[in-house]
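Computed from a predicted structure; not experimentally measured. The residues of the chain are indexed from 1 along the displayed sequence.
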Amino acid sequence: MLVGLTATPCRGDGRGLGGIFRLHRRVPAGCRNSSSRSFLLKTRVFAPAEPDLTGVETRVGDYVESQLAERMDRPSLVGDIIGHWHKHGERRKTVCFAVNVPHSLHIRDEFVRSGVRAEHIDGSTPKAERDAVLARLASGATEIVTNCMVLTEGWDMPEVSCCILARPTRKMGLYRQMVGRVLRPAPDKFNAIVLGPFRRRIPARLCRGSGRLDARRRKASRKPNA
């Protein structure tokens, strides 16, 4: 028997996982339920600004990166990130998710100019250098690490308790992956802070449809074995 487990049972196109697993039972464990049972921490969210994403096209279920970067990598929005972290971030260990590499570097540079120990990593950062940057974040020598689609999954540092979402997304799975980096419990960690220059933009259909079998697979799963 093969059992499939995932913390993000949703796809960018809104379809279920029926084409991957022949699911007979789905056991949802939402953030609210997980928080009440202390599997995940509760969050404090600050997102006062709303960037103008009018006209930004969607491709493969999410915003086109080049168009999104042009809207998000602006002095006013980057300034919001810096200001809100100083106001609400409590100097916590922080991970920041940017749209692309130039955006991530811009955010890092502005944090450094404001007196914050910030570093950047991306897909081209050598493994030894990446490990060193993350080790400095773990030790507190670095306060903030900015990145672009590097630390969304496969990275576990429960001590990090503040997340900056500088990258709007229409994908529920990606949103959960980014926020999920700071929801893990750790000693002396009582909640998580999520900061962003935007409010969440997730289509309601993705929230409703996540984890469902598509109709064709549901019919096939009900057929008796020959």
- Counting distance only, does the side-chain N/O of T169 pair as donor-acceptor with the main-chain N or O of K171 below 3.5 Å? yes
- Message: Membership question, hydrophobic clusters at under 4.5 Å side-chain separation (ILVMFWY): are L105 and I121 in the same one?
- Response: no
- Item | CD-CD1 distance between E110 and I107, expressed to the nearest 0.5 angstrom | 9.5 Å
- Query: Quick one: does V78's side chain get under 4.5 Å of D73's, heavy atoms only?
  - Reply: yes
- Do W85 and R91 come close enough that some side-chain heavy atom pair is under 4.5 Å? yes
- Message: Hydrophobic clustering (ILVMFWY, side-chain heavy atoms < 4.5 Å, transitive) - are M157 and M178 grouped together?
- Response: yes
- Task: Looking only at non-hydrogen atoms, find the nearest pair between A192 and L41 and report the distance.
- Result: N-CB, 4.5 Å
- Item | Salt-bridge contact R92-E159 (side-chain N to carboxylate O under 4.0 Å) | no
- Query: Do the non-hydrogen side-chain atoms of E65 and R59 ever get within less than 4.5 Å of each other?
  - Reply: no
- Item | Test: E119 and R136 ion pair at under 4.0 Å | yes
- Query: NE2/H106 to OG1/T146 distance, rounded to the nearest 0.5 angstrom?
  - Reply: 11.5 Å
- Do Y63 and V99 touch side chain to side chain, with heavy atoms closer than 4.5 Å? no
- Message: Ignoring hydrogens, what is the shortest heavy-atom contact between C162 and G89? Give both atom names and the distance.
- Response: SG-CA, 4.4 Å
- Verdict with reasoning, R184 to D156, per side chain to side chain contact (heavy atoms under 4.5 Å, CB included): CA-CA 9 Å; R184 292 166 170 78; D156 184 29; 2.8 Å; yes
- Message: Using 0.5 Å steps for rounding, measure from the NE2 atom of H103 to the SG atom of C96.
- Response: 7.0 Å
- Quick one: closest heavy-atom pair of P158 and A186, and the distance? O-CB, 3.7 Å
- Query: Can you tell if the side chain of I164 reaches within under 4.5 Å of the side chain of V95, non-hydrogen atoms only?
  - Reply: no
- Item | Donor-acceptor pair between S104 and N147 side chains, under 3.5 angstrom | no
- Message: Pair V160, L137 - check side chain to side chain contact (heavy atoms under 4.5 Å, CB included), show working.
- Response: CA-CA 8 Å; V160 176; L137 179 64; 3.9 Å; yes
- Does V182 offer a backbone N or O that forms a donor-acceptor pair with the side chain of K189 under 3.5 Å? yes
- Note on the structure: Interatomic distance, CZ@F111 vs CD1@I144, rounded to 0.5 Å, equals 3.5 Å
- Between atom SG of C163 and atom CZ of R181, what is the distance when rounded to the nearest 0.5 Å? 9.5 Å
- Test item: L165 and L195 side chains (from C-beta on) under 4.5 Å apart, heavy atoms: no
- Item | V194 reachable from W155 in the ILVMFWY side-chain graph, under 4.5 Å edges | yes
- In chain order, what residues pass the side-chain contact (heavy atoms from CB on, under 4.5 Å) check against R117, with sequence neighbours excluded? E143
- Query: Taking the side chain from K93 and the backbone from A138, do they hold a donor-acceptor pair closer than 3.5 Å?
  - Reply: yes
- Task: Quick one: pull up CD1 in I193 and OG1 in T43 and give me the separation to the nearest 0.5 Å.
- Result: 10.0 Å
- Sequence-distant partners of D131, salt bridge (Lys or Arg N to Asp or Glu O under 4.0 Å), two or more places apart: K127
- Counting only N and O atoms by type, is there a donor-acceptor contact under 3.5 Å from the side chain of R44 to the main-chain atoms of N191? no
- Return yes if some donor-acceptor pair links the side-chain N/O of R71 with the main-chain N/O of D52 below 3.5 Å, else return no. yes
- Does H84 have its ring centroid less than 6.0 Å away from the ring centroid of F46? no
- Query: In terms of hydrophobic clusters joined by side-chain contacts under 4.5 Å, are L68 and V101 together?
  - Reply: no
- Task: Quick one: do R167 and D62 satisfy salt bridge (Lys or Arg N to Asp or Glu O under 4.0 Å)? Show the steps, please.
- Result: CA-CA 11 Å; R167 187 210 190 286; D62 207 355; 3.3 Å; yes
